[in-house]
Structures are given as C-alpha cells and as structure tokens.
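Down below is the structure, laid out as structure tokens.
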Number of protein chains: 2
Amino acid sequence: MADKVTIADVARAAGVSRQTVSNALNTPEVVREETRRRVLDVVEELGYRVNLAARQMRTGRSRLIAARIDPEQDGINGSVGDRFLHGLTETAAAEGYRVLLYTAKANGDDGEIAAFDDLLGAHEPDAFVLMATHHGDRRTSWLTERGVPFVTFGRPWSEPTAAGHPWVDVDGAAGTDAATRHLLSRGHRRIGFLGWPKGSGVGDDRREGWRRALAEVGLGTAGLFTETEDDVAPGEQAARRLLDADPEITALVCASDSLALGALHVARAPGPAWHAGGHPHRPVAVVGFDDTPVAKAIGLTSVRQPIGEVASSCLRQLAHQLDGGAGAPPEHLLLPPSLVVRASG
Amino acid sequence: MADKVTIADVARAAGVSRQTVSNALNTPEVVREETRRRVLDVVEELGYRVNLAARQMRTGRSRLIAARIDPEQDGINGSVGDRFLHGLTETAAAEGYRVLLYTAKANGDDGEIAAFDDLLGAHEPDAFVLMATHHGDRRTSWLTERGVPFVTFGRPWSEPTAAGHPWVDVDGAAGTDAATRHLLSRGHRRIGFLGWPKGSGVGDDRREGWRRALAEVGLGTAGLFTETEDDVAPGEQAARRLLDADPEITALVCASDSLALGALHVARAPGPAWHAGGHPHRPVAVVGFDDTPVAKAIGLTSVRQPIGEVASSCLRQLAHQLDGGAGAPPEHLLLPPSLVVRASG
DNA sequence: TTCCTTAACTTGAACGATCAAATCATGCAT
DNA sequence: ATGCATGATTTGATCGTTCAAGTTAAGGAA
C-alpha cells in the first residue's frame with residue numbers, strides 16, 4: 001500500500017529537489033532533458049500523482065467545472081440535459097477536468113445565482129456551463145461581473161452577440177426549416193406550427209425557421225400557428241384547436257417532442273372533432289424537436305440536436321480559455337441540427 | 001469586493017485566535033457561549049466561508065461524492081440514472097456534499113475501477129455511489145479492499161447480504177408480483193414474462209416476483225417465459241415468439257419498459273402471426289418496469305421505482321457514515337416499488 | 001584573470017485550514 | 001496556601017504544492 005506519494009518522495013528518490021520535480025511535470029522546458037527523463041521515470045515507478053487540493057491552494061485552480069442538473073420536467077425533454085451532461089463529463093475527463101453537479105430550486109435565475117455563490121465559496125469550480133439561456137438572463141451578467149469563466153449552451157438572446165461571453169448553440173431555425181422543407185417535399189402545403197408563447201428566444205427561433213421555409217416557396221403562415229405551454233396535454237389541446245380551425249392543415253411542425261407527442265395523439269386517434277367535420281380519418285404528419293427517446297420509441301420524426309458535439313465544444317472552449325491563451329476572444333459556435341425521419345412524417 | 005476572507009481575518013476582527021474561530025465553527029461545544037456568538041457574528045459580517053481545498057489538505061476530506069453518469073443505452077431506461085443523479089445531487093447539497101461525475105468506457109468493471117483510481121489520485125472523493133450491482137461485482141471488492149466508503153443502488157447479488165457494504169435497493173420481485181396480481185385481478189389467467197437472460201440478479205429477481213404471484217394462485221409458469229436482450233426490437237421479437245407459441249396468453253409482464261415497448265408493438269398492431277392463427281385481433285395487456293417517460297407517453301402500465309428516495313437514502317447513509325458514527329453497521333434498505341396503471345393493462 | 005550572463009537547479013515561504021500540544025485562568029479540595 | 005483538575009484559548013507545526021528569489025557552475029567577452 002504505497003499510499004500518499006508526495007512530490008518530496010519523488011524528489012528524494014530521483015536525487016533532485018521538489019521544485020525540479022514540479023518543473024519536470026509542469027514546465028518541462030526549463031529542465032535538462034536527462035533530468036526530466038529521470039524524474040519522470042521515478043514518478044512512474046512510485047506512482048506519484050499530484051494532489052489537487054494542495055495545488056489548488058497554491059494556484060487557486062480546482063480543475064472542476066460546474067454544471068446544473070435539472071429536475072426532469074415532463075421527463076421527455078429532460079433527456080437532452082442528460083446527454084449533455086454525459087458529453088461534458090467525457091470531454092472534461094479528456095481535458096483533465098471533472099464535472100461537479102449542482103441543482104437550483106425553482107427560483108429561476110436568482111436561485112441559480114445563489115448556487116453559484118455557494119459553489120464559488122466552497123469548491124471553487126474554475127468555470128460554469130450554463131444551459132437554457134433566455135432573454136435578460138441574469139446569470140451571465142452575474143458571472144461576468146465577477147470574472148468567473150463560463151460558456152453557455154444557448155445564445156445570449158438579449159445582448160449583442162458580437163462581444164460577450166463564449167457560447168455554443170444549435171441552429172433551431174435551420175432545424176424547423178429543414179423539417180418544413182421535408183414536409184413540403186412530401187407534398188404537404190398547409191403546414192402548421194405548434195410552439196411556445198412568444199418571447200422565448202429558443203421558441204421564437206424555431207418558429208422562424210418554419211416561417212421562412214414556407215415564405216421561400218411563397219406560402220403564408222396566417223392562421224397556421226398556435227402557442228401553448230410545453231407539455232403533452234396542452235400540446236394535444238392546441239393541436240386539436242389548430243386542426244379544427246383549419247381543415248386544410250395536413251402537417252404540424254412542433255417546437256418540442258412533448259408538443260409533438262400531444263399532436264400525435266390527435267393525429268393517430270381521430271376523435272369526434274373532425275368526425276363531425278366529415279372526415280372519418282385524417283392523417284396529419286407531425287415533426288417534433290429534440291429526437292428524444294420517446295420520439296424514437298413511437299416513431300416520431302424529429303429534429304436532432306448534436307448534443308454530444310455541443311457539450312464537447314463547450315468544454316473544449318472552457319479548457320482552452322482556462323489553460324491556454326486567455327487573450328483569444330470568446331468563440332461563438334452555431335451547430336446545425338439534423339432531421340431524423342420516422343413514420344410520423 | 002471583499003474577496004478571500006480567511007479564518008485569520010475573522011480571528012483578527014473578533015479578537016481571538018484562528019483556532020478559536022475554527023472551533024466556534026466546527027466544535028462549538030469547546031468554546032464559551034459568548035465567544036462563539038461574537039465569532040459567528042464576525043463570520044456573518046465578513047462573509048467568511050471555509051476554503052475546502054485548505055481543509056481537505058489538513059483533514060483529507062473533500063466533501064465530494066463521485067457518481068457515474070452512464071452513456072444512455074437505448075435512451076429509455078437511461079432516464080432512471082438521470083433521476084437518480086438528480087436525487088443524489090439534491091440530497092448531497094443538503095448534507096454539505098457535492099456530486100462529482102465520472103464516466104467509464106465500455107470495459108466493464110475494470111474500466112470503472114480505473115476511473116476510481118484516477119479520481120482517488122486526483123480529486124479524492126470521500127465516497128462513491130455505485131449503480132447496477134451484479135454477480136461477482138469487482139468494483140465493490142476493490143473499494144472495500146482500499147477502505148473507500150461507498151453505497152450501492154442495488155443489492156450485492158453474490159456475497160452474503162448480512163455483512164458487506166451498505167446498499168439501497170428496490171424490491172423488484174415485489175414490483176412484478178404486484179403487476180402480476182393486478183393482471184390476475186383483471187381476469188387474466190395466462191400471463192407471460194418477458195425477461196433478460198438468466199444470471200442477472202435484477203432480472204432473476206423480477207422474474208421471481210411474477211413466478212411467485214402465479215404460484216400463489218396455483219398457476220404454473222411452464223412455457224410462459226422467454227428471455228432476450230434489453231432493447232425494443234429484441235423485445236418485439238421475443239414477445240411475438242411467446243404469443244405465437246401460446247395462443248392463450250393474454251398478458252405480458254416485462255422486465256423493462258424497453259421490452260414492454262417492443263411487446264406493445266406486437267399487442268397494438270396485430271400482425272399476420274395470429275391472423276393466421278384465426279385471431280383477427282388479439283388484445284394483450286402489457287406491463288413494463290421503471291415507469292420511464294416513454295411509458296407515460298404511450299400509456300404503458302409500469303412498475304415505478306422510488307428513485308428519489310433511493311438516491312436520498314444512499315446519500316444520507318454515506319453522509320452519516322462519513323460525518324457521524326463510523327461504528328454503525330452498514331445499513332441495507334429494500335424499498336417497495338409501486339404500480340402505475342395506464343391504458344396498456 | 002575577472003566579470004557578467006545564462007542555464008539548471010535549490011531553498012524558503014506561502015496558500016488556509018486543522019491537529020496537537022502548550023498556556024493561562026479559574027475554582028475547589030486538601 | 002498549595003496543588004490539581006478542568007475549561008477556554010493560543011501557539012506552532014503541518015498537509016503538498018508552486019511561486020519567487022537565491023545558489024551554483026559553466027561559458028564567453030573584456
């Protein structure tokens with residue numbers, strides 16, 4: 001049990017000073033080649049590993065990156081956060097970092113800021129990864145003011161994007177655009193959009209992609225859009241509303257898989273609503289967003305975000321900022337999603 | 001920007017020594033009431049918070065608990081891990097701990113053990129939380145040998161349960177037992193079981209619950225059981241096999257929601273298999289296991305594990321072991337699941 | 001030779017906390 | 001009075017690392 005090999009043990013065994021060992025490991029260029037090799041051999045032999053707590057004390061760096069784990073909302077869209085965390089953790093390990101989890105109660109931004117404060121006072125993570133940016137996000141300004149490094153999965157929807165903090169995002173509009181084109185190519189002409197209340201950056205962006213795809217082929221969007229809370233039941237009601245109001249609609253693009261699932265309930269199990277209208281059966285194509293496990297399970301066509309790539313980009317960007325050049329300007333990366341076509345449309 | 005308030009700052013401001021401040025915070029009973037109060041006031045005023053890195057150096061305790069984040073398998077059962085992590089993180093915060101994530105490539109136990117080694121050498125978590133224990137689990141013996149505290153979500157399937165490490169588990173047999181009774185109460189008599197290959201502790205346990213529920217009412221299980229890999233497509237094939245072989249079967253209990261989903265594909269969209277057998281339509285009740293988001297989405301009756309409780313029990317047990325009495329014997333907690341009845345059965 | 005520069009390495013201090021032992025009162029029995 | 005246990009507080013050392021400054025030796029220019 002060769003427990004607790006310290007840098008001093010290595011120094012003694014290699015016949016050099018502590019500092020030389022430290023240099024051989026962290027600043028190899030200042031150590032003579034031969035010495036470096038000898039030290040590294042001893043390190044290997046004794047199984048030395050730096051004690052991060054001690055290093056942190058001296059350098060102030062913990063090699064910890066904090067990320068939030070959300071309470072699953074409806075459990076459907078939750079899987080995005082899961083994949084994201086997994087991606088973060090994997091890339092973090094490759095870059096010599098670890099992911100530290102935190103939660104925040106429902107108090108919104110302020111609740112999360114309180115969590116920041118707690119963490120910074122105790123475990124002192126080197127950086128944060130934030131998800132779900134939104135208009136007037138107070139979290140980003142709080143961190144910026146304090147000079148705490150962070151990246152966001154999501155654009156800053158309010159500030160001018162030119163300056164500001166580094167971020168990675170998925171081009172939601174491109175996703176719904178592709179979904180809409182796909183439906184057009186299958187012959188659909190009246191294509192509705194089932195979205196969230198206006199004012200959310202993400203939701204508005206996704207609606208915009210649908211709008212512009214229709215506009216490009218000269219189709220308007222009047223009466224084709226409705227909005228509701230992001231859950232299955234509301235989605236079902238909203239879809240019914242939309243389909244009842246306009247009997248010509250044959251396809252729906254949805255802002256999330258939750259909504260799409262609600263829409264599918266209407267599309268697949270035709271109810272009295274349009275029996276009354278004279279349609280014994282009315283096939284409506286549905287496209288969701290996020291390609292969650294549920295989408296796969298029920299054969300729902302959906303827009304897939306490259307979550308793994310987003311995660312590793314976020315983390316690499318942080319690692320670069322923390323370890324490498326602090327001078328480089330914050331990067332902004334917009335990744336394209338892809339459409340996964342299944343039975344629903 | 002009153003950055004970096006140290007214990008020395010507090011000591012100076014309160015007119016006492018560093019050690020007294022430390023005592024006032026960590027061992028209040030040795031400090032005079034009046035002094036304690038004065039120190040605590042200054043702590044409040046200056047916003048002092050212990051530097052965990054420094055403390056860790058001295059005490060060897062990081063207040064970090066490591067847990068693995070799995071790569072989502074089929075994405076369906078993955079949500080269990082997600083809920084579990086969330087529960088851990090919440091309870092951890094309440095107990096003054098944080099959850100540190102790690103991943104392990106596909107190398108099985110040895111891969112995870114390598115991750116243990118890495119973590120212990122670097123961030124030195126105080127304990128581990130393991131999931132998915134199985135026969136001959138090498139991880140638990142590795143940790144035990146090294147005296148690293150840990151709990152498992154899952155019984156030790158090999159060792160005698162009396163001694164050993166602390167664990168928390170859900171009574172899977174009770175779950176399938178309840179599911180089977182439920183089906184019996186609805187009039188089903190020939191109830192099949194769709195499970196995993198024998199030899200997995202969890203799978204065998206779940207099959208046993210089904211078996212004993214049938215046995216209690218005098219029913220046998222011959223020809224009612226089949227096994228397959230835990231995924232949707234294999235589940236579908238296995239279900240078809242079982243239903244084809246025995247036309248009397250009217251209900252299926254499944255070892256997971258993935259399998260149940262496969263079974264539902266057969267049950268809800270009757271194929272030629274029993275058209276040929278003379279049944280134009282054959283309603284088969286299906287019950288899954290885990291109550292994943294997919295189950296909720298498609299109306300699948302499923303056995304719900306109290307994941308949140310499992311997580312908080314795991315964590316409280318660790319916290320107790322780490323902070324409180326080290327003398328207490330390891331606890332073993334078997335929690336009952338509950339049946340969530342939906343349209344599928 | 002003497003001085004200066006540079007490369008290679010060493011030494012002492014410091015990060016911020018806690019442990020262990022020492023100090024200083026205080027009260028009480030002898 | 002003296003001694004002694006007890007309670008409250010302080011002092012010095014230490015955890016393992018890296019920073020900043022210091023030392024040593026070798027090489028080159030004056």
Side-chain angles (χ1 to χ4, degrees), chain A residues 2-40 42-43 46-64 96 120-124 126 322-323, chain B residues 2-40 42-43 46-64 96 119-126 322-323:
Chain A
D3 246 20
K4 287 274 171 190
V5 183
T6 77
I7 209 171
D9 297 328
V10 175
R12 202 173 310 119
V16 295
S17 69
R18 295 181 321 257
Q19 186 60 40
T20 298
V21 176
S22 176
N23 287 335
L25 292 167
N26 304 316
T27 335
E29 66 273 17
V30 307
V31 176
R32 198 153 38 113
E33 172 61 14
E34 183 213 320
T35 314
R36 193 184 62 81
R37 204 182 304 256
R38 182 156 38 99
V39 169
L40 261 46
V42 176
V43 163
L46 300 187
Y48 166 79
R49 270 124 93 209
V50 19
N51 178 321
L52 287 184
R55 168 184 286 175
Q56 179 182 351
M57 224 188 351
R58 199 73 256 261
T59 64
R61 310 284 300 283
S62 62
R63 302 206 77 85
L64 247 31
L120 289 171
H123 289 279
E124 311 187 276
D126 293 337
L322 292 172
D323 296 327
Chain B
D3 246 20
K4 288 276 172 186
V5 182
T6 78
I7 208 172
D9 298 328
V10 176
R12 203 172 310 118
V16 295
S17 69
R18 295 181 323 256
Q19 187 60 40
T20 298
V21 175
S22 175
N23 286 336
L25 292 167
N26 306 314
T27 337
E29 66 273 16
V30 307
V31 176
R32 197 156 38 116
E33 173 62 16
E34 182 212 321
T35 314
R36 193 185 61 82
R37 204 182 305 256
R38 179 157 39 98
V39 169
L40 262 46
V42 176
V43 163
L46 300 187
Y48 167 79
R49 270 124 94 209
V50 304
N51 178 321
L52 286 184
R55 169 185 283 173
Q56 180 181 352
M57 233 205 327
R58 199 73 256 263
T59 65
R61 310 283 300 284
S62 62
R63 302 207 76 86
L64 247 31
L119 277 165
L120 289 171
H123 289 279
E124 311 187 275
D126 293 335
L322 292 171
D323 297 326

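Letters A, B, ... mirror the listed sequences (proteins, then strands); counts begin at 1. Only this structure's heavy atoms are used, side chains among them; waters, hydrogens and symmetry mates stay out.
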Walk me through it: do B:His123 and A:Leu64 pass the test side-chain contact (heavy atoms from CB on, under 4.5 Å)? CA-CA 9 Å; B:His123 289 279; A:Leu64 247 31; 3.1 Å; yes

Indicate for each nucleotide in nucleotides 10-15 of chain C, in 5' to 3' sequence, whether protein heavy atoms under 4.0 Å reach the base (B), only the sugar-phosphate (S), or nothing (-). BBBBBB

Would you check if A:Arg36 and A:Asn23 make a side-chain contact, meaning some heavy-atom pair closer than 4.5 Å? no

Heavy atoms of chain A, cut-off under 4.0 Å: which first and last nucleotide of DNA chain D, 5' to 3', fall inside that, if you could look? D:dG16 to D:dA20

Got a second to check how far A:Arg49's CZ is from B:Glu124's CD, nearest 0.5 Å? 9.5 Å

Heavy-atom donor-acceptor pair, B:Asp126 side chain to B:Ser62 backbone, under 3.5 Å: yes

Is any side-chain heavy atom of B:Met57 closer than 4.5 Å to a side-chain heavy atom of B:Asn51? no

SB check B:Arg18 B:Asp9 (cutoff 4.0 Å): no

Taking any heavy-atom pair under 4.0 Å as a contact, classify A:Arg49: base, sugar-phosphate, or nothing. sugar-phosphate

Taking every non-hydrogen atom, the tightest pair across B:Val5 and B:Tyr48: O-CD1, 3.2 Å

Point-to-point distance, once rounded to the nearest 0.5 Å, from CZ of A:Arg63 to CG of A:Leu52: 8.0 Å

Between C:dG16 (C1') and B:Gln56 (CD): distance, integer Å: 13 Å

When rounded to whole Å, the CZ to C1' distance for the pair B:Arg12 and C:dG16 reads 13 Å

Looking at residues at least two apart in the chain, or sitting in another chain, which of them share a side-chain hydrogen bond (donor to acceptor under 3.5 Å, both in side chains) with B:Thr6? none

Assess whether a salt bridge exists between B:Glu34 and B:Arg37, defined as any Lys/Arg side-chain N lying under 4.0 Å from an Asp/Glu carboxylate O. no

Looking only at side-chain N and O atoms, does B:Ser22 come under 4.0 Å of OP1 or OP2 in C:dT18? yes

If you look only at distance, which donor and acceptor atoms sit under 3.5 Å apart when one is on a side chain in residues 24-32 of chain B and the other is two or more places apart or in another chain?
| from | atom 1 | to | atom 2 | distance (Å) |
| --- | --- | --- | --- | --- |
| B:Asn26 | OD1 | B:Arg55 | NH2 | 3.4 |
| B:Asn26 | ND2 | B:Ser22 | O | 3.2 |
| B:Asn26 | ND2 | B:Ser22 | OG | 3.4 |

Heavy-atom closest pair, residues B:Arg38 and B:Val16: NH1-CG1, 4.0 Å

Please tell me if the side chains of A:Ile7 and A:Val50 come closer than 4.5 Å, counting only heavy atoms from C-beta onward. no

Positions of residues 31-40 of chain A (non-hydrogen atom under 4.0 Å from DNA chain C), listed by number: A:Val31, A:Arg32, A:Thr35

Inter-end axis angle, the helix from C:dT1-D:dA30 to C:dT30-D:dA1, with every axis fitted to five base pairs (rounded, 10 degrees): 70°

